[in-house]
Structure formats: C-alpha cells, structure tokens
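Report on the following structure.
The chain is numbered in sequence order, starting from 1. Note that this is a predicted model, so its numbers are computed, not measured.
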Amino acid sequence: QVQLVESGGGLVQAGGSLRLSCAVTGLTFRRYDMAWFRQPPGKEREFVAGIRWSGGSVRYGEFVKGRFTISRDNAKNTVLLQMNSLEPEDTAVYYCAVAPFDGDTYRPERTDYWGQGTQVTVSS
C-alpha cells in the first residue's frame, strides 16, 4: 500500500519561509520521480516543482521565480520543498505526488499516488 504523508504546512507572514516534507512508504522510493502540486482556494490544482529519481531534471512552475527549492533524500524516502519569500498568492493546499517525468512534464496521472495535502496560509 503506497502512502504519501505531507507535513510542514502552516500559517506564515508574507516574506516568511516554510519547509514542506513528504514521507513515502509502500514503494521503492529511489526509483520514482516525485513532484509537488498545489491547489489555491477556488482554483485548479497546479504544478509547483518536480524532481527525478536521481535528483535531476528539476522543474518549477513559472510562478516560483527562484523562491522554492525541491530536493529529495532517498535514504529517508522523503521529498522536500523549501519555500522562501512567501506571498499571499502562495496560499493553497500543497500535495506531493509520485509523478513520472516524460522528458518534458511530470505526470502524476500515470500513477495516481497522492498525499492528503498540507495547508499553507500566507498572511499579508
């Protein structure tokens, strides 16, 4: 049984930082590409960042603009998202997902393994 559990969300003031963590069990983590997505209130889910099993092919959503960093620790079966310079527009539920990379895009629909999400709220 594959499980993804996010943690690290919370309430932060604009300009602050948060580090999200996603712990993965039930699969050989080091073999899988991973990604973060988010869903702002009333909007569609959108891609935040992705990283290949090797740590390569890192991609970010256009809105990130150098503020976020995705990383992974294959020894701990964990993928991280360091978020700096947070803005109120970053308020969303953040999800991690197993997301195979097709050479251009991270594709969570190919496995449909998602975490339950963690709320990030940025106050102005």
Side-chain angles (χ1 to χ4, degrees):
Q1 181 182 359
V2 178
Q3 287 190 317
L4 290 76
V5 179
E6 301 97 336
S7 60
L11 174 63
V12 64
Q13 288 189 332
S17 298
L18 284 174
R19 189 175 81 157
L20 305 185
S21 180
C22 175
V24 182
T25 58
L27 52 74
T28 306
F29 178 76
R30 66 181 183 274
R31 295 179 179 174
Y32 288 89
D33 306 333
M34 299 294 298
W36 287 94
F37 292 77
R38 72 182 189 182
Q39 187 164 18
K43 296 184 178 181
E44 297 289 317
R45 189 175 294 182
E46 60 184 353
F47 173 76
V48 177
I51 187 168
R52 295 218 64 197
W53 62 272
S54 60
S57 297
V58 172
R59 299 286 189 273
Y60 295 99
E62 288 187 5
F63 61 86
V64 170
K65 297 178 183 177
R67 300 179 298 130
F68 298 177
T69 302
I70 189 172
S71 61
R72 64 189 295 155
D73 186 337
N74 285 345
K76 296 182 178 179
N77 290 4
T78 300
V79 58
L80 303 171
L81 185 68
Q82 177 67 43
M83 304 188 295
N84 300 327
S85 301
L86 283 162
E87 304 167 352
E89 292 75 21
D90 295 315
T91 294
V93 179
Y94 284 71
Y95 300 88
C96 69
V98 178
F101 185 64
D102 69 1
D104 178 68
T105 305
Y106 284 87
R107 298 288 186 185
E109 66 273 16
R110 293 188 176 178
T111 65
D112 205 27
Y113 292 138
W114 292 87
Q116 81 289 348
T118 186
Q119 176 69 47
V120 171
T121 303
V122 185
S123 63
S124 57

Value rounded to 0.5 Å, distance of [atom1] in [X] from [atom2] in [Y]:
X   : Y    : atom1 : atom2 : value
F68 : D90  : CZ    : CG    : 4.0 Å
R45 : W114 : CZ    : CH2   : 4.0 Å
T69 : L81  : OG1   : CG    : 8.0 Å
E89 : S124 : CD    : OG    : 9.0 Å
K43 : T91  : NZ    : OG1   : 10.5 Å

State, with a plain yes or no, whether a side-chain heavy atom of [X] is found less than 4.5 Å away from one of [Y].
X    : Y    : value
S7   : T118 : no
Q116 : L4   : no
L80  : R72  : no

>> More than 12 heavy atoms of other residues, nucleotides or ligands under 6.0 Å from CH2 of W53: yes or no?
In response: no
> If you count the non-hydrogen atoms of other residues, nucleotides and ligands that lie under 6.0 Å from OH in Y32, is the total more than 12?
Replying inline: no
>> Could you see if I51 belongs to whatever hydrophobic cluster contains V2? Use Ile, Leu, Val, Met, Phe, Trp, Tyr and a side-chain cutoff under 4.5 Å.
In response: yes
> Do you reckon V5 sits in the same ILVMFWY cluster as Y95, going by side-chain contacts under 4.5 Å, direct or chained?
Replying inline: no
Give every donor-acceptor pair under 3.5 Å between a side-chain atom in residues 9-30 and any protein atom, sequence neighbours left out.
from	atom 1	to	atom 2	distance (Å)
S17	OG	N84	OD1	2.9

> Under 3.5 Å, side chain of T78 to main-chain N/O of K76, donor-acceptor pair present?
Replying inline: yes
>> I'd like to know if the side chain of R67 and the backbone of V64 have a donor-acceptor N/O pair within less than 3.5 Å.
In response: yes
> Do I70 and Y60 pass the side-chain contact (heavy atoms from CB on, under 4.5 Å) test, and can you show the C-alpha distance, the side-chain angles, and the key distance before you say yes or no?
Replying inline: CA-CA 9 Å; I70 189 172; Y60 295 99; 3.6 Å; yes
> Taking all atoms of both residues into account, what is the closest heavy-atom pair of P108 and A97, and its distance?
Replying inline: CB-CB, 4.0 Å
>> So, applying ring-ring contact (aromatic ring centres under 6.0 Å, His included) with F47, which one of F101, Y94, F37 is it?
In response: F37
>> Run the side-chain contact (heavy atoms from CB on, under 4.5 Å) test on Q39 and E44 for me, step by step, so that the C-alpha distance in whole Å, both residues' side-chain angles and the decisive distance to 0.1 Å come before the verdict.
In response: CA-CA 6 Å; Q39 187 164 18; E44 297 289 317; 5.7 Å; no
> Does the side chain of T121 come under 3.5 Å of the side chain of Q119 through a donor N or O and an acceptor N or O?
Replying inline: yes
>> With side-chain contact (heavy atoms from CB on, under 4.5 Å) as the criterion, how do R52 and Y106 come out once you've worked through the C-alpha distance, each side chain's angles and the decisive distance to 0.1 Å?
In response: CA-CA 9 Å; R52 295 218 64 197; Y106 284 87; 3.3 Å; yes
>> For D112, give me all partners under salt bridge (Lys or Arg N to Asp or Glu O under 4.0 Å), at least two apart in sequence or on another chain.
In response: none
> salt bridge (Lys or Arg N to Asp or Glu O under 4.0 Å) with R59: which residues, sequence neighbours excluded?
Replying inline: none
> Between E46 and R38, does a side-chain contact (heavy atoms from CB on, under 4.5 Å) hold up when you go through it step by step?
Replying inline: CA-CA 5 Å; E46 60 184 353; R38 72 182 189 182; 2.6 Å; yes
>> So, applying side chain to side chain contact (heavy atoms under 4.5 Å, CB included) with P100, which one of E109, M34, R110 is it?
In response: R110
